[in-house]
Structure formats: C-alpha cells, structure tokens
Number of protein chains: 2
Amino acid sequence: MDAGPDLAALAGAVGDATRIRMLELLMEGRSLVAKELAFGTGVSPATATAHLKRLEQARLIRSTRQGRNKVFRLATPTVARMVEALMTVAVRGPRVSATPEPLRAARYCYDHLAGRLGMGITDALLRGGHLSLRRRAFALTPSGEEWFEAFGIKLAPLRDQRRQFAHRCLDWSERRDHLAGALGAALASRVFSLGWVERQPDSRGLVVTPSGQRGLKRHFGSL
Amino acid sequence: MDAGPDLAALAGAVGDATRIRMLELLMEGRSLVAKELAFGTGVSPATATAHLKRLEQARLIRSTRQGRNKVFRLATPTVARMVEALMTVAVRGPRVSATPEPLRAARYCYDHLAGRLGMGITDALLRGGHLSLRRRAFALTPSGEEWFEAFGIKLAPLRDQRRQFAHRCLDWSERRDHLAGALGAALASRVFSLGWVERQPDSRGLVVTPSGQRGLKRHFGSL
DNA sequence: TCCATCGTTCGCTCCATGACGAACCATTTC
DNA sequence: GAAATGGTTCGTCATGGAGCGAACGATGGA
C-alpha cells in the first residue's frame, strides 16, 4: 500500500527528543559509550539502553563491545547526512546567530572537521589546487595526492574503503560545504593526532592548540 | 544549555507516522488542500487539522486560504531537502528495488521532476552543454539560456525569486541528482502545461503522454 | 435565501511509550 | 575470590498526544 521508503518507521525512531539528542552527540563525538550517551542526554542508564536499542533496530546506529563497554557510532555516513539535513532545518530565524561561538569555530561533524575550521581548510585546499569540485564530491588533483601523502596521510587504504572518498558535506552553521568522506575523516584524524586540535572537555566543539595555530598557518595560510 | 539548532522540537514535529506521511504527500503534490491530506493519510478531518497546525507551527509547511479551501505546501526548499534525506535513509536493504516502478520512472519531488525522467532530462541538458556543474548547484550556460527561452521558459522572473536558481537535488530512488530549484520547478511546470506528463489519478507518480514521448525524444534525445 | 462543503473547535477516550528504581548479568580490577 | 563498574531486564507509573464524533463557523453555489 504505502509505496517507497518506509518513512513512518524511521520517523518514529528519530522523533524523540532524547534519541535525536543522542544522534546529535554522535555527530560530534565519532563514537561514545552507552554511559556517555546516557549522561549526555540526562537520562538513566536503563532508559538509555532502551533508546539505543531502538536506534540500533532502526539501523541508525551501530555498536561494538569493548570489554565491558559498549561503544556506539552512527551506522553510515548517509545517516550523518540526514542528521545534518535535520539540523539545517532546525536552525532558523533568530537562532542562526545563536549558535555558540566555539561550535561555529571548530567542531566535529560526524567524523570530519566542520565549522569555520573545516571550511577554511577545505577552501585552502581548493585554492591551492589540491582539490577540485565534482558533481557530488571533491576530487583529489595530482598535486593534492602529493600534498596529502606529504601531510602524512596514506591514500591507498582510504580508497579501499567502501565509503565515499571525498564527500561534500553541507554545514548547518555556516551553510557551505566542506571536505568529508574517508579523506575528510583521515584529515581530521591526522590533525588531531598531530595535537593541533583538542576536544574541549565537557563541552562540545574543538579548540585549536598553539602548535595547531602555527601548523595550520604554515600549511593552509590564513584561515 | 542545549547548543545549536533545536532538534528536539523539530524531531517531535516530524516524528509521527501521519505527519511524515503528509510531508511525503506534499513532496509529490506541490500543494494540497486539507481534505486531500486527511484522505491521503487515512485520518479524519479533525485529526488532520491538528497535525497540520502542528506542522505549520514547526514551520515545516505553509498554508494559504483559497475560498473555503486551505491549501498547504512545504514551507521551503530546505524542508524538501530534509524530507529527501530522510527518504534516502529510509530506503535500505531489500527495499531498494521495491520502489514501485511508476515512482522510479517519473514523479514529482517537491516541485520538480524526479525519478528516471527527471534525471534523464538533467543528464541530457548536461550532455548538451546547457547546464554545467557547480559547487552546490547547476549553472546555466549561454547555450542553456537560449535553450530554456526557446523552450518557453522566461528566465528573468526566475532569477528574481529568492530561492536557489538551479539547485541539485539528490533522488532517493535513483541516488543521483537532478535539476531542482526555481529552474527545475519552471521546467516541470512547462512540461506539465505542454501536456507531456500527467498526474496519475489516485496514484502517486506521473505518466508520460504519447505526445510527451515524442516531445521529450525531440528535445532530449533518448532518455 | 438555503444548502452543501470545507475546515475548526471541543470534549473525550485510550493507547503507546518514555521514564525510573531495583534486581541482575558480565567483565575487569584488585 | 571479592569488589567495582558498565550494561541489561523487568515491572510499574504517568503522561502525552493521536484519534474520533459532534457541534459550529465560514464560504461559495444554486
């Protein structure tokens, strides 16, 4: 009877304040254990379990056991894109500029860098001719391949991943798109392991360290 | 306390089977009166009123009075994009190929053509050099401007609209993008008024008329 | 003017489900 | 082993809200 995708089931899974908050947390946090999600949504562990189960049944998140912990992450980049679209709609009118400064400046979006930092880096790579624009993605130019390898990112394993290589992700706070996909994730991870950015404890968003300031300036010019 | 967009409110509005179904109907139908939405979701007029009010308060839809009717449409193209993203996630696994053939072939997506018809036309325009790809949109080439004017579409008023001119919309059934925005809407409307496609009564989806077959072939080659 | 149609408001019922605490299992640590 | 920690299961409670019918305004047509 009902044709097309089963939106009702999905809407039911998404349409709860606590669950959507969990998805939101996972957008920034890459992966979190159950307790963090319970705490982050202000709900008891028992309640969190129920919500996480439901989200998992709807295939919006996936979990793996790590010892006595259970870590959760968004199931697919497609889900991340959906949450992003929801956030884009949810931001409206006077609330636009109410996005807290730290979040506008730098934050994770799923598993890559977003906010002005993510966009600045993307723009710098475009200006430098390391990336070019394609229909639904970015493409890595020959000079870009060199650049990424020199930056310490091995490209071969990234290409082997099943996910999109250099996806374009639209940012809800800045309304422009930035590098995502396997390459975006690798870049974020590299910048993180270089100690250039750090997660702010107990707050969402990222901070650029002093050495990060220098490094970013050296590699990307003024962001 | 809660930073960023107010996802909870939005999720609440979206997270109901009847309401999401209404949004789905509006994706295909451009605009519908309250009764059609009630009937289409299998719900009493009284219930429909409540849902429509809620959707309107969440600014997902807008309404205008026409005599004793009240016609509803999606509030913004951004909302359409969000619903599209939800549909993309909702289609999964074995259901992918379960999308009914008529809907895969031709249908409205918000206010422009989608399905294979929409993509075929978009591809033909790209191949013919009438459209080119830009970062988040299509761009109309000089030859494209001629083409659209010759096809009976005045471009000037379209450019004056506040909405995006030639947006790229990702299709949930075909997973590729097609022409949307003001230009896409105008194209769909033109093709419709030429009598090339017709809405299927009581079914979702569109049919291409015999004269449409000829006309499309003449203008776009084999789709 | 009267009637038909469309939509809304109101009062009501009823079910789904979100929330919790307490007890329980599983894993790591000491 | 025992203790500590993370997660799950279960039973219960409360509430939100989805649904309807009936009565009511408003509009348009005959």
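Reminder, nothing fancy here: chain letters follow the sequence lines and each chain counts from 1. All values below come from the heavy atoms of this structure, side chains included, with hydrogens, waters and symmetry mates left out.
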Looking only at non-hydrogen atoms, find the nearest pair between [X] and [Y] and report the distance.
X      : Y      : answer
B:V14  : B:I20  : CG1-CD1, 3.6 Å
B:V43  : B:A48  : CG1-N, 3.6 Å
A:Q213 : A:V208 : N-CG1, 3.6 Å
B:L74  : B:M27  : CD1-SD, 3.6 Å

When the C1' atoms of the five terminal pairs at each end define the local axes, what inter-axis angle does the helix from C:dT1-D:dA30 to C:dC30-D:dG1 show, to 10 degrees?
30°

Any sub-3.5 Å donor-acceptor pair from A:R62's side-chain atoms to A:A75's backbone N or O?
yes

Are the side chain of A:E28 and the backbone of A:Y110 linked by a donor-acceptor contact shorter than 3.5 Å?
no

Between the protein and nucleotides 16-18 of chain C, list every N/O to N/O distance that falls short of 3.5 Å.
| unit_1 | atom_1 | unit_2 | atom_2 | d |
| --- | --- | --- | --- | --- |
| C:dG18 | OP2 | A:R19 | NH1 | 3.2 |

Can you name the atoms? Protein N/O to nucleotides 4-8 of chain C N/O, anything below 3.5 Å, with the distance.
| unit_1 | atom_1 | unit_2 | atom_2 | d |
| --- | --- | --- | --- | --- |
| C:dA4 | N3 | B:R68 | NH1 | 3.4 |
| C:dT5 | O2 | B:R68 | NH1 | 3.3 |
| C:dC6 | OP2 | B:K35 | NZ | 2.6 |
| C:dC6 | O3' | B:N69 | OD1 | 3.3 |
| C:dG7 | OP1 | B:A34 | N | 3.2 |
| C:dG7 | OP1 | B:K70 | N | 3.4 |
| C:dG7 | OP2 | B:K35 | N | 3.0 |
| C:dT8 | OP1 | B:K70 | NZ | 2.8 |
| C:dT8 | OP2 | B:T49 | OG1 | 2.8 |

Along DNA chain D, 5' to 3', what are the outermost nucleotides having an atom less than 4.0 Å from a heavy atom of chain A?
D:dA4 to D:dT9

Audit row: A:F148, A:L187, side chain to side chain contact (heavy atoms under 4.5 Å, CB included) steps and yes/no
CA-CA 8 Å; A:F148 273 89; A:L187 182 61; 4.1 Å; yes

Between A:R21 and A:E24, does any NZ, NE, NH1 or NH2 come within less than 4.0 Å of an OD or OE carboxylate oxygen?
yes

Return the orientation label for the B:Y108 and B:F192 ring planes: parallel under 30°, perpendicular over 60°, tilted otherwise.
tilted

Answer yes or no for A:R159 and A:F165: cation-pi contact, defined as NZ/CZ to six-membered ring centre under 6.0 Å and angle to ring axis within 45°.
yes

With A:A13, which residues qualify under side chain to side chain contact (heavy atoms under 4.5 Å, CB included), at least two apart?
A:A58, A:L60

Enumerate the residue pairs fulfilling side-chain hydrogen bond (donor to acceptor under 3.5 Å, both in side chains) with a member in residues 187-196 of chain B, sequence neighbours excluded, ordered by first and then second residue.
none

